[in-house]
Amino acid sequence: MANTENLKGIRCPECFSEEAFVVQVTMNVVMHDDGIAFMGCRQPENDHFPGRAIPDDDGFGDDNPIQCFERRGGCGHWGIVKEFRVG
């Protein structure tokens, strides 16, 4: 069954699993002395980094490292997101 939300268009090129993946993403955070406020993947109105690496569609870019998650029936194959995109 094809994914329709966060993993839409993502599939392992080795085992064809669409279940779960480990993806290393870039995220903007607001850093305070006593902690971090996560901004997530949504672009705020006053974005301080307009040339950022976070795409608005799914939260990760084609060059982000990705691995097929073995504990969810995957094979452990790793590469970059563009290699895992279908079509």
Side-chain angles (χ1 to χ4, degrees):
M1 178 178 209
N3 292 314
T4 59
E5 293 185 35
N6 294 324
L7 293 175
K8 183 177 181 178
I10 301 293
R11 180 176 66 200
C12 178
E14 289 291 316
C15 72
F16 306 109
S17 172
E18 296 178 337
E19 187 66 28
F21 300 91
V22 178
V23 182
Q24 185 179 45
V25 297
T26 301
M27 177 183 283
N28 295 332
V29 298
V30 177
M31 181 74 71
H32 302 274
D33 189 40
D34 62 348
I36 298 172
F38 292 94
M39 293 170 61
C41 295
R42 300 199 187 278
Q43 186 172 357
E45 289 181 28
N46 60 346
D47 190 4
H48 298 283
F49 302 103
R52 68 209 245 168
I54 303 173
D56 288 331
D57 53 357
D58 58 18
F60 42 82
D62 281 346
D63 293 327
N64 289 124
I66 187 171
Q67 182 178 17
C68 186
F69 193 49
E70 294 177 51
R71 293 188 291 182
R72 283 292 189 94
C75 66
H77 178 74
W78 62 271
I80 57 175
V81 169
K82 68 180 165 192
E83 298 167 343
F84 282 64
R85 290 204 190 270
V86 178

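Positions are given from 1 along the sequence.
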Side chain to side chain contact (heavy atoms under 4.5 Å, CB included) between C68 and W78, worked out: CA-CA 6 Å; C68 186; W78 62 271; over 6 Å; no
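- Taking SG of C75 as the reference point, atom CD of E70 lies at 7.5 Å (rounded to 0.5 Å).
- Within the 3.5 Å criterion, the main-chain N or O of G76 finds a donor-acceptor partner in the side chain of Q67.
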D62 and R85: CA distance, side-chain angles, deciding distance, side chain to side chain contact (heavy atoms under 4.5 Å, CB included) verdict: CA-CA 8 Å; D62 281 346; R85 290 204 190 270; 2.5 Å; yes
Worked check of side chain to side chain contact (heavy atoms under 4.5 Å, CB included) between I10 and V23: CA-CA 11 Å; I10 301 293; V23 182; over 6 Å; no
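- Using a 4.5 Å cut-off between side-chain heavy atoms of Ile, Leu, Val, Met, Phe, Trp and Tyr, V22 falls into a hydrophobic cluster with F69.
- Closest approach of E18 and L7 over heavy atoms only: O-CD1, 4.1 Å.
- Here the straight-line distance linking atom SG of C12 with atom CZ of F84 works out to 4.5 Å at 0.5 Å rounding.
- C15 is not listed as a side-chain neighbour of H77, based on a closest heavy-atom distance of 4.5 Å or more.
- Atom CD of Q24 has 12 or fewer heavy atoms from other residues, nucleotides or ligands within 6.0 Å.
- Residues satisfying the salt bridge (Lys or Arg N to Asp or Glu O under 4.0 Å) criterion with E19, sequence neighbours excluded, are R72.
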